[in-house]
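Would you mind keeping the following structure in view while I ask a few things?
Numbering starts at 1 and runs along the sequence shown.
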Amino acid sequence: MAMATSPSVDLSSYRDQHFKGTRAEQDKLLRLSTTLYVGNLSFYTTEEQIYELFTKCGDIRRIVMGLDKYKKTPCGFCFVEYYNREDAENCLRYINGTRLDDRIVRTDWDAGFLEGRQYGRGKTGGQVRDEYRTDYDSGRGGYGKITQQRLGNMDTPSYFRK
């Protein structure tokens, strides 16, 4: 007998564009997955803090912190892998949208962690959205990269600016 799922654990419309395989293969993996992508984390959130919050939904197999590709520092996301699907579903129900380190945590299904995915995909090595952010966000390292570059240029005499 098939169990009905609640909307909070259904697959979202987001798909990893770097997935090596068909959309149908990815959807099948997502429906069976025990791995969650966790986004909108502070750059200062530790693995211990994530463990403390996410173990409230079940036993965790592993946590893989997202890292800046070049600096190897946290860059605002991680993967949490549970031992069973039910615990991961509970995480989507109860932790998605909660506050951790003064930030609203976003969780979504992941087809399964593969080595190399822990690195940010942005041009600067971090997360893509942080490159375009124009507001000040202390939890994400201050201003976005574009704004930081513009602000940095203001200290430079105009005859040196390009």
Using only atom types and a distance under 3.5 Å, with no angle test, would you say the side chain of R106 pairs donor to acceptor with the backbone of N40?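 Such a contact is absent between R106 side chain and N40 backbone.
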Are the side chains of D110 and L36 in contact, using a 4.5 Å heavy-atom criterion?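 Of all side-chain heavy-atom pairs linking D110 with L36, none is under 4.5 Å.
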If you measure from CZ on R62 to OG1 on T35, what distance do you get to the nearest 0.5 Å?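 Interatomic distance, R62 CZ to T35 OG1, rounded to 0.5 Å: 7.0 Å.
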Classify the ring geometry of Y37 against F77: parallel below 30°, tilted from 30° to 60°, perpendicular beyond 60°.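 Parallel: the ring planes of Y37 and F77 meet at under 30°.
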Rounded to the nearest 0.5 Å, what's the gap from OH on Y82 to CG on N90? Could you check?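 Interatomic distance, Y82 OH to N90 CG, rounded to 0.5 Å: 8.5 Å.
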Would you mind reporting whether P74 and Y44 have side-chain heavy atoms less than 4.5 Å apart?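 Sidechains of P74 and Y44: no contact.
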Taking the side chain as C-beta and beyond, is there a heavy-atom pair between V38 and I50 under 4.5 Å?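 A side-chain contact under 4.5 Å is absent here.
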Does E48 have any side-chain contact (heavy atoms from CB on, under 4.5 Å) partners at least two apart in sequence or in another chain, and if so, which?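 So E48 forms a side-chain contact (heavy atoms from CB on, under 4.5 Å) with T46.
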Shortest non-hydrogen contact from Q118 to F113?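 Q118 and F113 have their closest heavy atoms at OE1-CZ, 3.3 Å.
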To the nearest 0.5 Å, what is the distance between CD (Q26) and OG (S33)?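 Result: 10.5 Å between the selected atoms.
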Is any side-chain heavy atom of L67 closer than 4.5 Å to one of T73?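 No, side chains not in contact.
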Taking only residues two or more places apart in sequence or in another chain, which ones pass side-chain contact (heavy atoms from CB on, under 4.5 Å) with L29?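 Partners of L29 by the side-chain contact (heavy atoms from CB on, under 4.5 Å) criterion, ordered by chain and then number, come out as F19, A111.
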Taking the side chain as every heavy atom from C-beta outward, state whether N96 and V105 have any atom pair closer than 4.5 Å.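 A side-chain contact is absent here, since even the closest heavy-atom pair is not under 4.5 Å.
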Please check: side-chain N/O of D68 versus main-chain N/O of Y70, any donor-acceptor pairing under 3.5 Å?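 It does hold such a pair.
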Please name all residues satisfying salt bridge (charged side-chain N to carboxylate O under 4.0 Å, His left out) with D87, sequence neighbours left out, ordered by chain then number.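 Once residues adjacent in sequence are excluded, D87 has no partner under the salt bridge (charged side-chain N to carboxylate O under 4.0 Å, His left out) criterion.
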For the hydrophobic clusters of this structure (ILVMFWY residues joined by side-chain heavy atoms under 4.5 Å, transitively), does one cluster hold both L11 and I95?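 Yes, because L11 and I95 connect within a single hydrophobic cluster, where side-chain heavy atoms sit under 4.5 Å apart.
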Go through T45 and L100 one step at a time and tell me if the side-chain contact (heavy atoms from CB on, under 4.5 Å) criterion holds. CA-CA 8 Å; T45 300; L100 176 63; 3.9 Å; yes
Do the non-hydrogen side-chain atoms of E25 and T22 ever get within less than 4.5 Å of each other?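 E25 vs T22: side chains touch.
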Flag the pair R31 / W109 as yes when at least one side-chain heavy-atom distance between them is below 4.5 Å, and no otherwise.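 When only atoms from C-beta onward are counted, W109 and R31 do not touch, as no gap falls below 4.5 Å.
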Is the count of non-hydrogen atoms from other residues, nucleotides or ligands lying under 6.0 Å from K28 atom NZ greater than 12?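 No, not enclosed.
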Atom pairs and distances, side-chain donor-acceptor, residues 52-61, under 3.5 Å, sequence neighbours left out:
residue : atom : partner : partner atom : Å
T55     : OG1  : Y51     : O            : 2.9
T55     : OG1  : E52     : O            : 3.3
R61     : NH1  : E81     : OE2          : 3.1

Could you tell me which residues satisfy salt bridge (charged side-chain N to carboxylate O under 4.0 Å, His left out) with D27, sequence neighbours excluded, listed by chain and number?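 Result, salt bridge (charged side-chain N to carboxylate O under 4.0 Å, His left out) vs D27: R15, R23.
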Set of residues satisfying side-chain hydrogen bond (donor to acceptor under 3.5 Å, both in side chains) with respect to E86, sequence neighbours excluded: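 Per chain and number, E86 pairs via side-chain hydrogen bond (donor to acceptor under 3.5 Å, both in side chains) with no residue.
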